[in-house]
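Take a look at the structure below.
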Amino acid sequence: MQAEFPRRGAGPERRSEKAGRDPAVHERIFHLVRQVPRGKVVSYGRIARIVGAGTPRVVGFAMRAAPDDVPWQRVVNAKGEVSPRSAGDGAAVQRRLLEAEGVRFDERGRIDLERFGWLPEE
DNA sequence: TCCCTGACTGGTT
DNA sequence: AAACCAGCCAGGG
């Protein structure tokens, strides 16, 4: 499925190599996260890198506003753990959802990325 | 438009 | 191995 990210009107994209401001960054992020299979996880940094726009922080911000059809729970930090929220119990919910799909957490609450980490090539 | 905040990261202590 | 720190960039006030 090709990335049909919406264009802003018919105007030319004045976007330079350096992502800068791209109105479709969130859409691209959502599209990618939707490809992560059940039982697998991917880090914020990896997503930002693959999408080629934004930064890990932006990915986190996007997850916060993610539509229901986006498996946001499959996005974890580079250490392989569920990132703590500044508010709410989202982290606890996320962990529960992941465990329900078979993702295992060790005693320190970390996921073995070698085993559960997802790569688009796979 | 300026200023601050944050579901992050990688390099240093 | 864990705590710190500076860079990062898109929203919202």
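In the text below, chain A, chain B and the rest are named by the order of the sequence lines, each starting its count at 1.
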Could you see if [X] belongs to whatever hydrophobic cluster contains [Y]? Use Ile, Leu, Val, Met, Phe, Trp, Tyr and a side-chain cutoff under 4.5 Å.
| X | Y | value |
| --- | --- | --- |
| A:Val58 | A:Leu32 | yes |
| A:Tyr44 | A:Phe61 | no |
| A:Leu98 | A:Trp118 | no |

Separation of [X] atom [atom1] from [N] atom [atom2], in whole Å?
| X | N | atom1 | atom2 | answer |
| --- | --- | --- | --- | --- |
| A:Lys79 | B:dA7 | NZ | P | 13 Å |
| A:Trp72 | B:dG6 | CH2 | P | 19 Å |
| A:Ile47 | C:dA10 | CD1 | P | 16 Å |
| A:Leu113 | B:dG10 | CG | P | 11 Å |
| A:Arg64 | B:dG6 | CZ | P | 9 Å |
| A:Ile50 | B:dT9 | CD1 | P | 13 Å |
| A:Gln94 | B:dA7 | CD | P | 12 Å |
| A:Tyr44 | C:dA10 | OH | C1' | 16 Å |

Looking at [options], which one has an atom nearest to any side-chain atom of [X]?
| X | options | result |
| --- | --- | --- |
| A:Val58 | C:dA1, C:dC9, B:dC8 | C:dC9 |
| A:Ala78 | C:dG11, B:dT9, B:dA7 | B:dT9 |
| A:Arg108 | B:dT9, C:dA2, B:dA7 | C:dA2 |
| A:Thr55 | C:dA10, B:dT9, C:dC8 | C:dC8 |

Indicate, yes or no, whether a donor-acceptor pair under 3.5 Å links the base of C:dG7 to the side chain of A:Arg57.
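A donor-acceptor contact between them is present.
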
Is any side-chain N or O of A:Arg85 under 3.5 Å from a base N or O of B:dA7, one able to act as donor and the other as acceptor?
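Answer yes: a donor N or O sits under 3.5 Å from an acceptor.
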
OP1 or OP2 of B:dT5 sitting under 4.0 Å from any side-chain N/O of A:Ser86?
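For A:Ser86, the contact criterion (side-chain N or O under 4.0 Å from OP1 or OP2 of B:dT5) is not met.
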
For C:dA2, take OP1 and OP2 only and decide whether either is under 4.0 Å from a side-chain N or O of A:Arg110.
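Yes.
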
Pairwise distance CZ(A:Arg95) to CG(A:Asp89) - rounded to 0.5 angstrom
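So the CZ of A:Arg95 and the CG of A:Asp89 are separated by 14.5 Å.
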
Checking base pairs now: Watson-Crick or wobble, both atom distances under 3.5 Å. What partners C:dC9?
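In the structure as shown, C:dC9 has B:dG6 as its Watson-Crick or wobble partner.
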
By nearest heavy atom, map A:Phe61 and A:Pro56 onto DNA chain C; which one lands nearer the 5' end?
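Looking at the nearest nucleotide for each, A:Pro56 comes out on the 5' side.
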
Heavy-atom pair of closest approach, residues A:Thr55 and A:Ala48
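Heavy atoms only, the tightest pair is C-CB, 3.7 Å.
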
